[in-house]
Amino acid sequence: MQTIVTESVDVAARWLNRGEVVAFPTETVYGLGGDITNEKALENIFAAKGRPGDNPLIVHIHAPEQIQDIASEIPPTAEIFIQHFFPGPLTLILKKNTTVPNLVTGGLPTVGIRCPAHPVANEFLKRCNHPVAAPSANISGRPSSTDWQAVYDDLKGKVRCVLKGPQSTIGLESTIVDCSDNPPRLLRSGAVSLESLRKYVPETLPAAPAETHQQPKSPGLKYPHYSPSAPIELCGSGYPDCTGSANSAWIGLSSPPEKVSKIALCKTPEEYAHKLFSFFRECDREHIAIIYCEMPPEKGIGRAIRDRLQRAAEK
Ligand code: TXA
Ligand code: MG
């Protein structure tokens, strides 16, 4: 299949409305979209990524008013999060409407809903005839794509169209909060921090610890994730200090040890999040033998970075 790369939201939306799979930019990471009413398109998303069928897709919308077509109930806690964080890097899990196909939700009675803030995503979604189901636009298990070249490297020949936009500003996937139960529970950390969710809904529960990931509330959490080819060694902040070695790379907030050959020294946790996945992909291209990753403090977006690093380091 020929993969068309375009900067035109009209062209990209036309392909999607014809039932094709289209990658598009968002402020978190690039998504791999298909029309939620088109079974073939949904099947093609799973096939292109090599994604297990029980791992549900997030439904993307351009305006909060569309939620009532997808969810059967919008509880008061969800209303509060929608008011403060939509559009933005937050996905809400709500009880699904009967019209949402089981292929989207992996057979679950709930559905993930996100309204991206990225202007290109918003313009694209406005031109799509229906809401758009989209996982991150990467081969399953690889780091998520934060620029169109990464999407193209992973998926050329497997998807019809890539909508080219700027690099994702946040660089980590959305925060997921389950509002189908009371109190709401954080399922995946992201740029909308636990602290900011609790500012509006103080009873919001934290994410379950990693050891419960075999039976997770969010099916995607049980699969290996975010892994570059090189092994990852976690350092600092509760982990051993690293010594460095030949042909190694370092990403973190403090100065690297000696002998490291490739360095990403980040000034803030936000910059760390923004760079992380593209750094992993650069390390792969440069055949780096080991990547040392400094664990950031466990607060704000630091929680999300720690979560991605811990899961990337799992063997
Ligand atoms: O930022 C993001 O969320 C990006 C952009 C493209 O929007 N999307 C993304 O999708 O990261 P994906 O498929 O890579 O991760 C979605 C996660 C998976 O772990 C999946 O299991 C979980 O969301 N999920 C989806 N629907 C769910 C549901 N109904 N209940 C629990 N977890 C759900
Ligand atoms: Mg993903």
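Just so you know, residue 1 is the first one in the sequence shown, and it goes up from there. Quick caveat, the model's predicted, so the values are computed rather than measured. Each ligand, and each atom within it, is numbered from 1 in the order the structure gives.
Taking CG of Asn97 as the reference point, atom OG1 of Thr105 lies at 11.5 Å (rounded to 0.5 Å).
Here the rule is side chain to side chain donor-acceptor pair (under 3.5 Å) with Arg281, and of Asp154, Thr146, Asn138 only Asp154 fits it.
Counting heavy atoms under 4.0 Å from ligand 1, residue Arg51 touches it through the side chain alone.
For ligand 1, the atoms closer than 4.0 angstrom to any heavy atom of Val111 are 29 (N). Numbered from 1 in the order shown, with element, the atoms of ligand 1 that lie under 4.0 Å from a heavy atom of Leu108 read 28 (C), 29 (N), 30 (N). Taking every non-hydrogen atom of Asn55 and a distance limit under 4.0 Å, the qualifying atoms of ligand 1 come out as 18 (C), 20 (C), 21 (O). The ligand atoms of ligand 1 that sit less than 4.0 angstrom from a heavy atom of His60 are 5 (C), 6 (C), 7 (O). Interface of Thr28 with ligand 1, defined as ligand atoms under 4.0 Å from a residue heavy atom, comprises 1 (O), 2 (C), 5 (C). Close contacts of ligand 1 with Gly31, meaning ligand atoms under 4.0 Å from a residue heavy atom, involve 6 (C).
Taking the six-membered ring for Trp and the full ring otherwise, Phe85 and Tyr200 have centroids separated by under 6.0 Å.
The option with the heavy atom closest to atom 16 (C) of ligand 1, from among Leu172, Ile58, Leu57, Leu32, is Ile58.
The shortest N/O to N/O separation between Thr26 and ligand 1 does not fall below 3.5 Å. At least one N or O atom of Arg114, backbone or side chain, sits closer than 3.5 Å to an N or O atom of ligand 1. For ligand 1, the polar-atom distance check against Thr110 finds a nitrogen or oxygen pair separated by under 3.5 Å. Checked by distance only, ligand 1 and Tyr30 stay at 3.5 Å or farther apart across all their nitrogen or oxygen atoms.
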* Does the pair His60 and Phe24 meet the rule for a ring-ring contact (aromatic ring centres under 6.0 Å, His included), with working shown? -> CA-CA 11 Å; His60 293 70; Phe24 62 99; 5.7 Å; yes

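Residue contact check for ligand 1: Arg188 places a non-hydrogen atom closer than 4.0 Å to it. For the ligand labelled ligand 1, residue Val29 lies inside the 4.0 Å heavy-atom shell.
By the neighbour-count criterion of 12 heavy atoms within 6.0 Å, atom CD of Glu258 is sparsely surrounded, having that number or fewer from other residues, nucleotides or ligands.
For the pair Ile61 and Ile70, the minimum side-chain heavy-atom distance is below 4.5 Å.
Salt-bridge check for Arg188 with Asp178: failed, with every basic side-chain N at 4.0 Å or more from each acidic carboxylate O. With respect to the salt-bridge test (charged N to carboxylate O, under 4.0 angstrom), the residues Lys299 and Glu195 do not qualify.
With hydrogens and angles left out, the side-chain atoms of Gln310 and Tyr239 include a donor and acceptor closer than 3.5 Å. The closest side-chain donor-acceptor pair between Asp35 and His130 falls under 3.5 angstrom.
Among the atoms of Ser136, an N, O or S atom falls under 2.8 Å of the Mg ion (ligand 2).
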